[in-house]
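Notes follow once the structure below has been shown.
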There are 2 protein chains.
Amino acid sequence: MRQGIPDATVARLPVYLRALTTLAEDGTATVSSEELAAAAGVGSAKLRKDLSHLGSYGTRGVGYEVEYLVYQISRELGLTQDWRVVIVGVGNLGHALANYGGFVSRGFTVAALLDADDRIVGETVGGLVVRPVDDLEEVVAEQGVHIGVVATPAPAAQDVCDRLVAAGVTSVLNFAPVVLLVPDTVMVRKVDLSTELQILAFHEQRQVANRLSVDVPARVVALEPDGGTGRAGVSP
Amino acid sequence: MRQGIPDATVARLPVYLRALTTLAEDGTATVSSEELAAAAGVGSAKLRKDLSHLGSYGTRGVGYEVEYLVYQISRELGLTQDWRVVIVGVGNLGHALANYGGFVSRGFTVAALLDADDRIVGETVGGLVVRPVDDLEEVVAEQGVHIGVVATPAPAAQDVCDRLVAAGVTSVLNFAPVVLLVPDTVMVRKVDLSTELQILAFHEQRQVANRLSVDVPARVVALEPDGGTGRAGVSP
DNA sequence: TCAACTTTGTGCACCCGTTCACAAGTGCCT
DNA sequence: AGGCACTTGTGAACGGGTGCACAAAGTTGA
Ligand SMILES: NC(=O)c1ccc[n+]([C@@H]2O[C@H](COP(=O)([O-])OP(=O)(O)OC[C@H]3O[C@@H](n4cnc5c(N)ncnc54)[C@H](O)[C@@H]3O)[C@@H](O)[C@H]2O)c1
Ligand SMILES: NC(=O)c1ccc[n+]([C@@H]2O[C@H](COP(=O)([O-])OP(=O)(O)OC[C@H]3O[C@@H](n4cnc5c(N)ncnc54)[C@H](O)[C@@H]3O)[C@@H](O)[C@H]2O)c1
């Protein structure tokens with residue numbers, strides 16, 4: 001139970017955490033699994049099972065104490081300590097990331113911004129001066145960087161990643177549209193805009209197809225007391 | 001088989017597609033499941049099963065014809081037609097998205113940029129003039145927008161989403177850190193920076209814990225980034 | 001104190017996705 | 001033509017995640 005929280009659960013904990021902090025800001029002291037599940041967009045049973053992996057932090061007949069649960073989830077996710085992040089590639093996306101307040105607000109500190117372009121190096125973005133990418137190893141070592149964010153064009157991504165890994169970084173967040181190759185001691189997560197849009201396009205297309213084929217026979221359905229076998233929407 | 005491709009497969013098709021187009025640019029005519037799987041970062045058995053859902057497009061003893069497979073996957077994903085996208089919220093992130101070339105290169109057209117701030121409206125970003133958010137309904141109707149991208153601050157996201165849905169948009173890509181409520185005819189996918197970092201932090205923490213408790217281990221568990229199963233707002 | 005009510009935590013059955021292993025199909029070489 | 005080497009497509013076993021349903025645990029009110 002303490003041993004190994006399922007990946008699917010870990011992926012949802014940040015969502016619960018956000019819902020809980022919102023509730024805390026609104027002054028809510030306790031919350032039931034039903035309410036919290038609704039706020040997080042999941043089923044209540046799933047939520048309870050997820051939370052049960054961390055321990056028994058709820059009170060039967062009452063619910064969960066918001067503050068306490070926030071602390072427990074934060075601790076489980078490792079957010080009680082400060083994680084240092086380095087952003088490599090300060091172009092369009094890098095600028096947005098550097099200016100993003102959501103980083104700092106959750107225990108992440110941007111340790112440095114790195115770029116290969118001389119015209120960008122020296123510029124101040126989000127309160128930090130952009131440094132040359134040659135400083136990468138130095139920055140990682142001196143600042144004790146844990147997480148590397150890759151926001152360079154695709155061709156440079158693998159190279160940058162290799163340098164991050166060689167310098168000792170064991171977690172990488174990749175925005176470039178390439179599959180990064182890393183040793184299995186390193187964890188990579190990818191954020192891919194194009195992929196997301198293409199998945200949406202797929203469902204959009206299927207929905208259009210359904211509309212065309214169902215629109216006419218929709219009346220036939222009315223004749224047959226078939227029950228709703230028609231799978232309506234595709235959603236979460 | 002033709003009926004309903006598994007969500008997990010759909011989430012991987014864009015990855016295969018990108019690997020294939022890269023191969024095509026390099027002049028590769030055919031590719032085996034083993035090679036393509038390596039390029040896409042998955043197992044070969046999984047790749048073959050995924051592709052088998054689209055049909056039998058391979059040749060035993062040879063592999064897959066790159067060009068043909070590109071076409072088939074593109075068609076399945078609905079990329080043979082042009083999808084019109086509207087971006088709402090042209091701040092840090094919206095600017096980056098508007099300037100991003102990866103959109104257009106894959107059959108997506110940015111139909112309009114919308115913002116509520118008078119200082120931003122009228123500005124030209126990525127070749128488009130930012131329009132007032134009041135034009136939302138008009139833009140969606142006139143341009144036949146299919147996909148809405150929400151890049152506003154969290155408090156405005158649900159409101160913007162509601163307007164998009166009311167205007168007829170059935171696919172939403174959400175960057176704001178909130179759970180959007182939509183009717184189940186609408187599909188929402190979420191891209192959440194903070195969540196990704198928090199998942200990395202969790203594994204980083206576990207890795208540190210492992211190093212301390214078992215100081216012999218050169219080997220730590222390696223995990224694969226999810227698919228959106230998306231999660232995604234659905235995630236998966 | 002006790003009964004009625006609320007809500008958690010979980011055993012269980014089910015479903016989806018992954019992985020293995022191999023028969024069947026294809027090209028090549030002799 | 002026939003054997004050989006290679007690769008696809010898939011049946012089947014497996015594993016993890018999801019949702020249901022309910023007993024256990026706690027609260028409230030009389
Ligand atoms: N802009 C977006 O909205 C968006 C969306 C999804 C994905 N992406 C991806 O994110 C990445 C960055 O996108 P962008 O729009 O910011 O591109 P960009 O060209 O604006 O910025 C890239 C930056 O990386 C720097 N760079 C190049 N090589 C480098 C190296 N070896 N080391 C360090 N820095 C280097 C460049 O100088 C530049 O400043 C790309 O891979 C892109 O495909 C961008
Ligand atoms: N910047 C990042 O790297 C980043 C990363 C992850 C998530 N996000 C999220 O993306 C969203 C946008 O981030 P940002 O950094 O671009 O913020 P931003 O404040 O720079 O931009 C937000 C823009 O939305 C506009 N806006 C506000 N209300 C609106 C409304 N009702 N209709 C239309 N437009 C409206 C504002 O005028 C502003 O231009 C936020 O929710 C943020 O949490 C940003």
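Letters A, B, ... mirror the listed sequences (proteins, then strands); counts begin at 1.
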- [ ] Would you check if the side chain of A/Glu65 reaches a backbone N or O of A/Thr59 as a donor-acceptor pair within less than 3.5 Å?
- [x] no
Open item on the list: Nearest whole Å is fine: how far is C/dT19 P from B/Leu47 CG?
Closed with: 12 Å
Open item on the list: Checking the side chain of A/Trp83 only, and the main-chain atoms of A/Gly78 only, is there a donor and an acceptor separated by less than 3.5 Å?
Closed with: yes
Check nucleotides 16-20 of chain D for protein N or O atoms closer than 3.5 Å to its own N or O atoms and list the pairs.
| residue | atom | partner | partner atom | Å |
| --- | --- | --- | --- | --- |
| D/dT18 | OP1 | A/Arg12 | NH1 | 3.0 |
| D/dT18 | OP2 | A/Arg12 | NH2 | 3.0 |
| D/dG19 | O6 | A/Lys49 | NZ | 2.5 |

- [ ] Check whether any side-chain nitrogen or oxygen of A/Ser33 sits under 4.0 Å from OP1 or OP2 of C/dT8, and answer yes or no.
- [x] yes
Task: Atom pair distance, as rounded to whole Å: OH in B/Tyr57 and P in D/dT10 - done: 12 Å
Open item on the list: So for A/Arg60 and C/dT7, does any side-chain atom that can act as donor or acceptor lie under 3.5 Å from a complementary atom in the base?
Closed with: no
Check: residues 9-18 of chain B side-chain donor-acceptor pairs under 3.5 Å, at least two apart:
| residue | atom | partner | partner atom | Å |
| --- | --- | --- | --- | --- |
| B/Thr9 | OG1 | B/Asp50 | OD1 | 2.6 |
| B/Arg12 | NE | B/Tyr16 | OH | 3.4 |
| B/Arg12 | NE | B/Asp50 | OD2 | 2.7 |
| B/Arg12 | NH2 | B/Asp50 | OD1 | 3.0 |
| B/Arg12 | NH2 | B/Asp50 | OD2 | 3.2 |
| B/Tyr16 | OH | B/Asp50 | OD2 | 2.5 |
| B/Arg18 | NH1 | A/Asp192 | OD2 | 2.5 |
| B/Arg18 | NH2 | A/Asp192 | OD1 | 3.4 |
| B/Arg18 | NH2 | A/Asp192 | OD2 | 3.4 |

Open item on the list: Rounded to whole Å, please give me the gap between NE2 in A/His53 and P in C/dG11.
Closed with: 11 Å
TODO: Ignoring backbone atoms, establish whether B/Tyr64 has a side-chain N or O less than 4.0 Å from OP1 or OP2 of D/dG9.
DONE: yes
- [ ] Using a cut-off of 6.0 Å, state whether more than 12 heavy atoms not belonging to B/Glu67 lie near its atom CD.
- [x] no
Task: With B/Val160, the side-chain contact (heavy atoms from CB on, under 4.5 Å) member among B/Asn174, B/Val149, B/Val165, B/Val150 - done: B/Val150
Open item on the list: Rounded to whole Å, please give me the gap between CG in A/Leu69 and P in C/dT7.
Closed with: 16 Å
TODO: Check the surroundings of atom OH in B/Tyr71: do more than 12 heavy atoms from other residues, nucleotides or ligands lie under 6.0 Å from it?
DONE: no
Task: d(CG, A/Leu54; C1', C/dG9) in whole Å - done: 13 Å
Task: Nearest-Å distance for atom pair CD/C1', residues B/Glu34 and C/dC20 - done: 13 Å
